[in-house]
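First the structure, in the form of structure tokens, and then the observations on it.
Starting from 1, each residue takes its place in the sequence as its number.
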Amino acid sequence: MPNRSTVTEFLLLGFSDVRELQILHFVVFLVVYLAALMGNLLIISAIVLDHLLHTPMYFFLVNLSILDLGSISVTLPKSMANSLLNTRLISYRGCAAQIFLFVFFAEANITLLTVMAYDRYVAICQPLHYERVMNKGACVKMATGVWMAGIVYSALHTGNTFRLPFCRSNVIHQFFCEIPPLLKLACSDSYRSEVGLLTASVFLSFVFFVFIIVSYGHILKAVLRIPSEQGRHKAFSTCLPHLAVISLLMCTAVFEYLIPTSSSASKVDLLTGVLYAVVPPVMNPVIYSVRNKEIKAALKRCTGWR
């Protein structure tokens with residue numbers, strides 16, 4: 001029976017076996033990828049070049065855009081290359097690298113959104129303490145903690161997954177390497193430790209989301225107590241983009257876990273993968289540029305738009 005030592009490559013789930021549709025898939029993903037790159041790079045450039053945006057909230061937003069760029073760059077280029085070359089192959093090491101990077105960016109993203117919720121809570125609910133609590137040193141430490149936690153978390157999951165022997169098949173039912181469909185290829189009972197670790201991770205993510213919801217509950221109460229309509233509008237304008245990004249991430253994540261991967265190749269698996277791996281990195285810069293007046297003003301100043 002084959003084991004991990006004999007597995008040198010995996011087969012990813014393709015979008016189509018028809019050559020014309022493979023080319024269409026390449027073109028569509030290329031457009032989506034370029035849109036994500038342009039959107040996130042514009043956000044980063046606007047914040048870095050505009051001194052008016054050198055605040056904790058926008059410092060964390062730069063980190064979010066970098067994570068989004070990394071996340072979508074892990075999945076789409078390989079899928080596009082496979083469609084263009086009419087292949088489904090990914091090497092064993094390439095799969096391990098893809099899983100490590102995707103898990104890292106995904107976990108860091110969730111942790112960073114939690115930190116951003118805390119930033120908004122302090123800014124609106126404890127404004128007199130904001131400069132002391134969210135000083136430059138504290139922000140750098142928080143961001144560093146986010147990145148380090150993502151690395152440790154991802155290394156733990158990747159190492160725990162690839163120590164398993166794969167006895168059943170080398171076909172991964174997703175368009176990129178991901179832990180849940182990869183576990184289906186492991187020998188019977190050998191994957192239980194990773195399943196337990198994944199369950200604990202889902203619980204931890206749930207705790208983060210609860211923290212975010214509770215934070216925004218307090219924020220909403222504080223905003224409604226602001227006497228001036230202009231003050232309430234300004235407070236909401238800084239919170240709504242972040243809340244929209246969190247809602248998008250939660251909806252796509254819930255959709256992924258409510259519709260588990262099937263035992264055979266399915267277009268539903270591809271749809272769920274696209275929803276949570278591709279949609280958030282593309283939509284996040286759109287949400288912030290549309291809902292945030294300061295970002296729009298900075299983009300106009302940087303690009304010369306009228």
Side-chain angles (χ1 to χ4, degrees), residues 10-16 21-44 61 63-85 87-88 90 94-95 97-113 150 154 157 172-182 205 241-242 244-262 265-291:
F10 294 99
L11 295 177
L12 299 174
L13 189 60
F15 283 84
S16 176
L21 293 180
Q22 290 176 340
I23 298 300
L24 178 62
H25 159 245
F26 169 79
V27 173
V28 171
F29 265 24
L30 178 61
V31 172
V32 170
Y33 184 57
L34 292 177
L37 288 181
M38 182 179 297
N40 284 288
L41 287 175
L42 279 175
I43 294 290
I44 294 171
L61 181 53
N63 281 266
L64 181 64
S65 292
I66 293 173
L67 291 174
D68 284 339
L69 281 175
S71 177
I72 201 167
S73 295
V74 169
T75 57
L76 290 199
K78 177 58 179 175
S79 181
M80 289 188 296
N82 280 1
S83 290
L84 192 63
L85 300 175
T87 181
R88 296 166 55 195
I90 184 170
C95 186
Q98 196 173 60
I99 283 183
F100 174 83
L101 292 172
F102 183 77
V103 173
F104 161 67
F105 287 121
E107 176 60 23
N109 199 303
I110 295 173
T111 308
L112 181 62
L113 288 174
S154 182
H157 275 292
I172 298 175
H173 294 156
Q174 188 51 271
F175 74 93
F176 63 98
C177 282
E178 191 189 18
I179 292 178
L182 193 62
S205 298
H242 180 238
V245 168
I246 293 170
S247 300
L248 177 63
L249 180 63
M250 289 180 65
C251 289
T252 54
V254 167
F255 190 84
E256 159 66 7
Y257 286 104
L258 285 181
I259 304 180
T261 55
S262 58
S266 170
K267 298 304 179 184
V268 175
D269 297 336
L270 291 175
L271 176 61
T272 57
V274 169
L275 278 177
Y276 75 89
V278 177
V279 173
V282 175
M283 291 304 300
N284 287 354
V286 175
I287 292 171
Y288 272 102
S289 61
V290 170
R291 297 296 309 177

For the CD atom of Q22 and the CG atom of N82, what is their distance to the nearest 0.5 Å? 9.5 Å
Less than 4.5 Å apart, side chain to side chain, heavy atoms only: is that true for F104 and V74? no
What's the spacing between L69 CG and I44 CD1 if we round to 0.5 Å? 5.0 Å
For a 4.5 angstrom cut-off between non-hydrogen side-chain atoms, does K78 reach F176? no
F15 side chain reached by L24 side chain, heavy atoms, under 4.5 Å: no
Are L12 and F175 side-chain neighbours, meaning at least one heavy-atom pair lies under 4.5 Å? no
pair S73-Y33: side-chain heavy atoms closer than 4.5 Å: yes
Output the distance between atom CG (L76) and atom CZ (F29), rounded to the nearest 0.5 Å. 5.0 Å
Between S154 (side chain) and G150 (backbone), is there a donor-acceptor pair under 3.5 Å? no
Tell me, do L30 and V27 make a side-chain contact under 4.5 Å, heavy atoms counted? no
To the nearest 0.5 Å, what is the distance between OG1 (T111) and CG (L67)? 9.5 Å
Using distance alone, with no hydrogens and no angle criterion, decide if N109 and D68 have a side-chain donor and acceptor under 3.5 Å apart. yes
